[in-house]
Amino acid sequence: MLRVFNSESRRKEAFVPIEAGKVRMYVCGMTVYDYCHIGHARVLVVFDVLYRYLRHKGFEVTYVRNITDIDDKIIRRAEEQGVAMRGLTDRFIDAMHEDAARLGVLEPTLEPRATDSMEAIIAMIRELEERGYAYRAENGDVYYDVSRFEGYGRLSGKNPEDLRAGARVEVGEAKDDPLDFVLWKAAKPGEPSWDSPWGPGRPGWHIECSAMSTTTLGNRFDIHGGGQDLQFPHHENEIAQSEAATCEHYVNYWMHNGFVRVNEEKMSKSLGNFFTVRDVLEAYSGEEIRWFILSSHYRSPLNYSDAQLDAARAALHRLYNALEGVEPGETADAGFAERFEAAMDDDLNTPEALAVLFECASELNRAREQGDDARAGELARTLVDLGGVVGVLQSDPADYLRGGGAGELDADAIEALIEQRNRARAERDFAEADRIRDALADQGVQLLDGPEGTRWQRT
RNA sequence: GGCUGGGUGGCAGAGUGGCUAUGCACCGGAUUGCAAAUCCGCGUCACGUCGGUUCGACUCCGGCCCCAGCCUCCA
C-alpha cells in the first residue's frame, strides 16, 4: 500500500485513488522564458519517479504537466530580446524537452499550454464572476475575491488575517483586499492579448492551472504536485478558484518537493545561484544527475555540489560494474524487490530504495566471486528491473562504462595500447607496462586486469 | 513578527522506543607483478543542547540554541 505525504494534512496518508486502478495527476511545469535549472530538474525527476512507480504498481495513470507560456516575465524577456513571444516560448519548450529526455524523464500523458487553453481559462473566470467570486477593478483587471472563499489558507496553513496584516501593497494595484489576486489582466498597448468579455488582456498567473487541470482531469482528481514554493500562493489560489468555480473538492493529495540548495541557500533565479541542466550535463550524465536527485528524499533539501555529483557517479559506476558481463536471468529476487517496494511505498523513500540496490549489487558481486552464474543472473535481473522503476541502470553496462569520452582516445586505440602493455607484461617489463597504464589513466581510461584478460573503462 | 520543516558517525543520507541502514572516505586482510575492480574485516557515546516520561530514548514530551523555507516573482 502506497502512502504519500499530503501537504494539506501534513501527514502521510494511504493513497486511495478516486477511481479504482486509475490515477489522475497534475504537476505544475515550467514557465518557459529561460533554460531549466537543477531545481526544475528536481521537479521533473521526482514526479517522473512517482509516475513510474504508480504505473509499476499497476495503476493506469493520466499524468498532466502543464506549460505556462504567458506571463509578465515572458513578455519582458521577449521584449528584451526583440523576439515574438511565441518564438521565445517555443525555443525554451524545446530546450526543456531536450533536458527532460536526457534526465530520463518520461513524457507526460498531456502537456497543455496556457495559450492553447484560453477558452477554458475565460470560461472559468466567467463562472467565478457569475458566482460572485470575481470583480472588475477600475483599471480593467479582474480580481478574485478571497474574502468570499471559505477556508482560504488551508493548504499552506496560513491565516487570512495574518496575511493581511503583513501584506505589501504594490503601487497601481486596484484590489479591494491585499489578498485578492488577478484573474484577468487588461492589456496595455503593445502587449500580447486575447479577446475576452472584459476586453483584450491575458490570464493571471494562477487561473491557467485551474483551467488546464480541470479540463484535462475533471473537477476533482487525485494528485497535484509541484515545487514547495508553489504551495503558497499558487496552489492555495488554485484551490480557491477551482472549488469556487466547480463547487467540488479539487484535489485529494497535494505533493510538494523540497528545494535544491547551493551552500545552504535556495537555488533560484532571483538569487542568481542556479546551475542550468544543460551546463551540468557538460560534466555529468543525465543518469548521474537523476541519481543525485534521488539520493535524498524528495521533501528534504538537496544540496547541490560537485562532490554530490561525483558521489552519484561513483555509485552508478559501482552498480554498472556489478552488472557488466552478467546476463540478467528470467526471474528476479523477491526479497530485494519487496524491500525496494516497501521503501517506495513509504512516501517514495528513494534513498532507502537505492540502498537496496547497493545491497543487491554487493550480493551480485559475491555470487560472481563464487561462480554462481544462476544467482548472479537473478540478481542482475533484480537490479535492472528495480532500477527501471526509478529510471536508472537501463543502459548496457559495457556501453555505460566505456561510452562517452568523445574526442578522447577511441576504443581501437585503447585496445591497441592494452595489447602493447600486455606484451610488455609478458616480458616482465613492468616499467613499460605501468607507463602505458599511467598514460591511459591520464586520458580517463582505467584498466582492470583479470584472469580472463584486461578490461577497461572510462572514469 | 506569523507559519512550515529540519539538526544523525570524516562526508552524503535513511531509520527505529531496546536488535548491522546504505554509499563514499579511512584503516587492516584476501586477490594482483604492482595497481584497479571485487570480496572479508573495521565506526563498542553517530545521533544540536538542557530537562522530563520510561526498566530502557537518537527514536516520545517540553524549554533553549542553530539552519533552511514560506508570508513578494520563483520548481
Side-chain angles (χ1 to χ4, degrees), chain A residues 7 10 27-31 34 36-47 71-73 153 156-159 161-170 178-179 205 225-234 236 256-261 264-271 274 291-292 295-297 299-303 305 307-308 310-319 321-322 324 339 343 346 349-359 361-362 364-370 401 424-426 428-431 433-434 437-438 441 446-451 454-457 459:
Chain A
S7 306
R10 274 173 223 98
V27 171
C28 288
M30 306 305 124
T31 299
D34 208 340
C36 292
H37 65 231
I38 297 296
H40 299 114
R42 192 175 193 192
V43 184
L44 291 170
V45 168
V46 162
F47 289 101
D71 131 285
D72 289 358
K73 280 185 298 239
S156 52
K158 294 186 188 307
N159 175 333
E161 285 315 308
D162 295 344
L163 287 169
R164 282 191 187 95
R168 305 174 197 187
V169 180
E170 300 283 329
L179 294 196
W205 175 34
Q228 210 167 55
D229 43 5
L230 296 185
Q231 194 173 345
F232 189 91
H234 186 56
E236 195 69 61
H256 295 97
N257 63 275
F259 298 125
V260 176
R261 293 191 202 168
E264 302 303 309
E265 195 174 52
K266 178 182 170 183
M267 178 185 288
S268 76
K269 286 275 170 62
S270 37
L271 289 168
F274 61 91
W291 188 277
F292 156 66
S295 66
S296 87
H297 185 86
R299 285 189 282 114
S300 301
L302 174 63
N303 218 43
S305 71
Q308 292 276 72
D310 288 343
R313 169 167 293 172
L316 285 167
H317 245 86
R318 177 171 167 77
L319 298 180
N321 254 311
E324 198 198 2
R339 289 178 52 205
D346 183 13
N349 191 339
T350 53
E352 181 82 33
L354 299 188
V356 174
L357 298 188
F358 279 120
E359 291 182 43
S362 289
L364 168 51
N365 284 328
R366 276 193 291 276
R368 296 180 70 170
E369 290 241 325
Q370 291 158 14
L401 295 168
R425 290 175 73 206
R428 303 195 70 74
D429 181 357
F430 295 120
D434 290 348
R437 184 172 62 197
D438 291 346
Q446 186 174 62
L447 300 188
L448 302 90
D449 294 329
T454 302
R455 294 182 303 119
W456 63 274
Q457 57 186 236
T459 50

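Note on naming: letters A, B, ... go to the chains in the order of the sequence lines (proteins, then strands), and numbering restarts at 1 for each one. Since this is a predicted model, take the numbers as computed values, not measurements.
Here, rA25(B) and rC67(B) have their P atoms 32 Å apart, quoted to the whole Å. Comparing the same atom, C1', in rU16(B) and in rU22(B) gives a spacing of 15 Å after rounding to whole Å. For the P atoms, the distance linking rC24(B) with rC45(B) amounts to 26 Å, nearest Å. For the C1' atoms, the distance from rC42(B) to rU20(B) is 13 Å, rounded to whole Å. Between the C1' atoms of rG17(B) and rC61(B), the separation comes to 13 Å (whole Å). Annotation: rU59(B) and rG52(B) have their P atoms spaced 14 Å apart (nearest Å). Nucleotides rG29(B) and rA36(B) have their P atoms positioned 13 Å apart, rounded to a whole Å. Rounded to the nearest Å, the gap between the P atom of rC40(B) and that of rG23(B) is 10 Å.
Backbone-only contact: Gly157(A) has heavy atoms under 4.0 Å from sugar-phosphate atoms and none from a base. Looking at heavy-atom distances under 4.0 Å, Ser295(A) makes contact with sugar-phosphate atoms alone, never a base. Looking at heavy-atom distances under 4.0 Å, Val260(A) makes contact with a base. Base contact: Ser268(A) has a heavy atom under 4.0 Å from a base atom.
Distance CG (Asp71(A)) to C1' (rU72(B)): 14 Å, rounded to an integer number of Å. Remark: C1' of rA75(B) and CE of Met30(A) are 6 Å apart, rounded to the nearest angstrom. For Asp229(A) and rC3(B), the CG to P distance is 22 Å, given to the nearest whole Å. Residue Arg313(A) contributes atom CZ, which lies 15 Å from atom C1' of rC24(B) at whole-angstrom precision. A straight line from NE2 of His256(A) to P of rG5(B) spans 14 Å, rounded to a whole angstrom. A straight line from CG of Asn159(A) to P of rU4(B) spans 11 Å, rounded to a whole angstrom. Counting to the nearest Å, the C1' atom of rU72(B) and the NZ atom of Lys269(A) are 17 Å from each other. As a whole-Å value, the separation of Asn349(A) CG from rU22(B) P is 15 Å.
In this structure, of rC67(B), rA14(B), rU22(B), it is rU22(B) that holds the atom nearest to the side chain of Phe358(A). Here the side chain of Lys266(A) is nearest to one of rA21(B), rA75(B), rA14(B), namely rA75(B). Among rG15(B), rA75(B), rG5(B), the nucleotide with an atom closest to any side-chain atom of Arg10(A) is rG5(B). Here the side chain of Gln308(A) is nearest to one of rA12(B), rA75(B), rA68(B), namely rA12(B). For Leu163(A), whose side chain is taken as the heavy atoms from C-beta onward, the closest listed nucleotide among rC71(B), rG13(B), rG23(B) is rC71(B).
With sequence neighbours left out, His297(A) forms a ring-ring contact (aromatic ring centres under 6.0 Å, His included) with no residue at all. Residues that satisfy the side chain to side chain donor-acceptor pair (under 3.5 Å) test with Asp346(A), not counting sequence neighbours, are Lys12(A). Scored by the side-chain contact (heavy atoms from CB on, under 4.5 Å) test, Gln457(A) finds His317(A), Asn321(A), Leu401(A), Gln446(A), Leu448(A) as partners (sequence neighbours excluded). Listed by chain and number, the residues in a salt bridge (charged side-chain N to carboxylate O under 4.0 Å, His left out) with Arg164(A) are Glu161(A), Asp177(A) (sequence neighbours excluded).
Heavy atoms only, all atoms of each residue included: Ala361(A) and Leu319(A) are closest at CB-CD2, 3.4 Å. Among all heavy-atom pairs drawn from Gly258(A) and Arg42(A), the shortest one is O-NH1, 2.9 Å.
Put simply, the side chain of Glu352(A) never gets that close to the backbone of Ala343(A): no donor and acceptor are under 3.5 Å apart.
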Original post:
How does RNA chain B look in dot-bracket notation if pairs are Watson-Crick or G-U with both distances under 3.5 Å, crossing ones as [ ], other-strand ones as |?
Top reply: (((((((..(((.....[...)))..((((.......))))......(((((..]....))))))))))))....
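With RNA chain B read from its 5' end, the first of the two nearest nucleotides for Pro351(A) and Asn257(A) is the one closest to Pro351(A). Projected onto RNA chain B by closest heavy-atom contact, Phe232(A) and Ser300(A) fall at different nucleotides, the more 5' of which corresponds to Ser300(A).
How far CZ of Arg299(A) is from NE2 of His256(A): 12.0 Å, rounded to the nearest 0.5 Å. For the atom pair CG (Leu364(A)) and CZ (Arg366(A)), the distance works out to 10.0 Å, reported to the nearest 0.5 Å.
The pair Asp434(A)-Arg437(A) meets the salt-bridge criterion, with a side-chain N (NZ, NE, NH1 or NH2) lying under 4.0 Å from an Asp/Glu carboxylate O.
Heavy atoms of other residues, nucleotides or ligands lying less than 6.0 angstrom from CZ of Arg428(A) number 12 at most.
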**OP:** Produce a footprint string for nucleotides 31-42 of chain B: one letter per nucleotide, 5' end first; B if the base is under 4.0 Å from any protein heavy atom, S if only the sugar-phosphate is, - if neither.
**Re:** --BBBBSBSS--
